[in-house]
*Asks:* 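Quick one: the structure is below, questions incoming.
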Amino acid sequence: MGVAVRMEGLTKRFEQRGAEVTAVDHLTLEVQEGEIFGFLGPNGAGKTTTIKILLGLIFPNEGSAEVLGRPAGDLEMRRQISYLPESPYFYDYLTGAELLDFYGRLFHIPEKERKERVDHLLELVGLAGDRAKQLKQYSKGMLQRIGIAQALINDPKLLFLDEPTSGLDPVAHIEIRRLIENLRDQGKTVFLSSHQLSDVELVCDRIAILNYGRLVRTGKVSELVTGRDVEVRARVSDTTAERLRQRFPNLRLHDGIAVVNEVPADSVNDVVDIIRAGQGELLSVVPQRQTLEDVFVEAVGMTRRAIGTFNPLSEAPQK
Amino acid sequence: MRNTWIIARTTLGDALRKRVLLVFMMVAVVTLLLAMMLTYLTAREQRTAFLALELVIILIFGTLIAVTTAIFLIPDEIERRTIYSLLSKPVQRWEFFLGKFLGGVLTAGVCLALMTLVLIVVVFLMAMRQPESALGPMLQTSAEQEPLNVAKWFQRGGQDVALVLRGAYVIFFQLVLVTAVATTLSLFVSPTVNFSLTMFLFIVGQVQFVLKAALERNELPLTKVVVGVLYYLTPHFHDFNIMGSIIHSEVRIPVNHWLFAGEVSLYGLMYALFVAMLGILVFDRKEV
């Protein structure tokens, strides 16, 4: 597997009311081919700015970016990728089928093949029955679905999806999630920017969390959500419980069963040794699993504390 | 170029559904029809004044349509974020800019064609009522009127339609030029400022002869420079004026019609292409 997206020291600054705002701050990141990569961060973190640099819509002040081995924004690269913007808007006088046909033409897809793809995609996103309706008659959810269909018109190798499930009802939400999983099965790379942390946790292989334009956490989802702490349960005497409490003040004791939370992984053996030495009965040793939400809040919270109070970037425009 | 054409066609479809454009078209058609009521002039005055007036109406409304369309062509794409989906496809930035410009030209062209069609119908209606000239005296009594001779009617109407088509042809190249200026300016200024600036250039271009005279007469170096810059840089819309030859049929344009048509279209296209090239260069590095 090669590298689908590579960013090195990517930096983007904007002028805002006379002040310079750094929207993306020396971002270095790699996305492997075939993976679903979650790009997370609070509003104004620089996610959309980063995607726009990768697509060549805006230009970095520093650093470099490559997509599918070609410079960001390169024409050949754009033949192989697709983009679904956040809250997409299309020419609303066109019908769903006409819109897909329009984008298909821009890829110079032959007419017969284009027609087949349009039919297939409308079916795929559940809009076959609304193909002749003008987009101005579409609901927000339908627009989101036609947006996803247009992003698939060229059978891309890499998809940039910016909030693809925004505005969708729960059923459509699940359908889009399944669609993204299908894309992975087809070997496509998905660069998914989303606030839906539950979706990201379910579908993404790896994530990066961005805050104030800086990369604050990256890694495999499975590793990030698996906590390093452990919960230990054991039947112990009062004396043993006291010994344990001296090291772990948060110990809870109920009917002779001690529960010790947040035991660091490297201290588990010590805890077990104390229990055994006190003739206690070890009941369970369970790794404490975090949700992605916990990881996100922790990462973003840490950055906010590190940076201090108000940062104008939280109000930065989605450039 | 294929993408340019695809974008131009979509731009035309989008633009033709704009309410402001429909309003301009409706007012233009009503004005063209109202001008038929100019029956108080003498026969010759009426014919010449009528045609010139109708062409001026078409020029004014055509320009308003071209400018109001062009000033929003690119800002609307950015505002509505449709540009993100477009430029993330394999579309070169110059193809996009040229496509939008061409779409603006097509929109102005379609509106011009419709207005011209209305004028042709009006001209034939007038020719049916007037025996001597296509737009001859309308104050004759019914006793004086001859029975309608279809061949004569077509002959009379045909003469004036030729003038109308010549006028429309020249107006089209003015609209191409105006569209190029407004599309390029839209990369620098807001639509309101753009509208004012383009209309200012259009008006200055129409009175080039005043600038030329001022340039020849004025002695103050600073004024001479300002007037000179305005004279040489602004589009010479005055050179597109064929209304004079319509009003004063004895005043012939010093070259034949084909040469004149060739000259104005070449000048209009060259100027428009130069301005569009400038726009392409700027848009190539514009962040969207």
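Labels below follow one simple rule: chain letters A, B, ... track the order of the sequence lines, proteins then strands, and each chain is numbered from 1.
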*Asks:* Looking at B:Leu87, is its backbone amide N or carbonyl O close enough to the side chain of A:Arg78 to form a donor-acceptor pair, meaning the two atoms are under 3.5 Å apart?
*Replies:*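 It does hold such a pair.
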
*Asks:* Is it true that atom CD of A:Gln186 has more than 12 heavy atoms of other residues, nucleotides or ligands lying nearer than 6.0 Å?
*Replies:*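 Check passes, neighbour count above 12.
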
*Asks:* Side chains of A:Pro85 and B:Ser85: closer than 4.5 Å at any heavy-atom pair?
*Replies:*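 The answer is yes, as the side chains (C-beta and beyond) meet within the 4.5 Å cut-off.
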
*Asks:* Would you say A:Arg105 and B:Arg9 make side-chain contact, with heavy atoms under 4.5 Å?
*Replies:*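 The answer is yes; the side chains approach within 4.5 Å.
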
*Asks:* Let me know if B:Arg80 has heavy atoms under 4.5 Å from chain A in its side chain, its backbone, both or neither.
*Replies:*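 Both backbone and side chain.
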
*Asks:* Under a 3.5 Å cutoff, is there a donor and acceptor pairing between the side chains of B:Glu79 and A:Tyr89?
*Replies:*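 Judged by distance alone, the side chains do not pair up.
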
*Asks:* Which bit of A:Glu98 is near chain B, if near means a heavy-atom gap under 4.5 Å: side chain, backbone, both or neither?
*Replies:*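 Nothing of A:Glu98, per the 4.5 Å heavy-atom cut-off to chain B.
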
*Asks:* Cation-pi check, B:Lys89 to A:Phe107: give yes when NZ or CZ is under 6.0 Å from the six-membered ring centre and within 45° of the ring axis, no otherwise.
*Replies:*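 No, B:Lys89 does not sit over the ring of A:Phe107.
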
*Asks:* Between A:Tyr93 and B:Arg17, which heavy-atom pair has the shortest distance, and what is it?
*Replies:*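 What the structure gives for the nearest pair is CB-CD, 3.2 Å.
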
*Asks:* With a 4.5 Å cut-off on heavy-atom pairs, point out which of A:Glu76, A:Met77, A:Lys12 contacts chain B the most.
*Replies:*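 Result: the option with the highest number of such pairs is A:Lys12.
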
*Asks:* In terms of heavy-atom pairs under 4.5 Å with chain A, which of B:Gln92, B:Glu77, B:Arg285 leads?
*Replies:*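 It is B:Arg285.
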
*Asks:* Looking at A:Leu106 and B:Pro90, what are the two nearest heavy atoms and their distance?
*Replies:*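 It is O-CG, 3.9 Å.
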
*Asks:* For A:Lys52 and B:Tyr84, which I'm curious about, is there any donor-acceptor pair between the side chains at under 3.5 Å?
*Replies:*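 Yes, a side-chain donor-acceptor pair sits under 3.5 Å.
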
*Asks:* Could you tell me if the side chain of A:Phe102 sits less than 4.5 Å from the side chain of B:Leu86, heavy atoms only?
*Replies:*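 Yes. Closest side-chain heavy atoms under 4.5 Å.
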
*Asks:* Quick one: does any side-chain atom of B:Glu287 pair with a main-chain N or O of A:Leu57 as donor and acceptor, under 3.5 Å?
*Replies:*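 Checking the backbone N and O of A:Leu57 against the side chain of B:Glu287, no donor-acceptor pair under 3.5 Å is found.
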
*Asks:* Are B:Asn3 and A:His108 packed together at the side-chain level, in the sense that at least one heavy-atom pair is separated by less than 4.5 angstrom?
*Replies:*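 B:Asn3 vs A:His108: side chains touch.
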
*Asks:* Could you check whether atom CE of B:Met277 has more than 12 heavy atoms from other residues, nucleotides or ligands sitting under 6.0 Å from it?
*Replies:*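 Open.
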
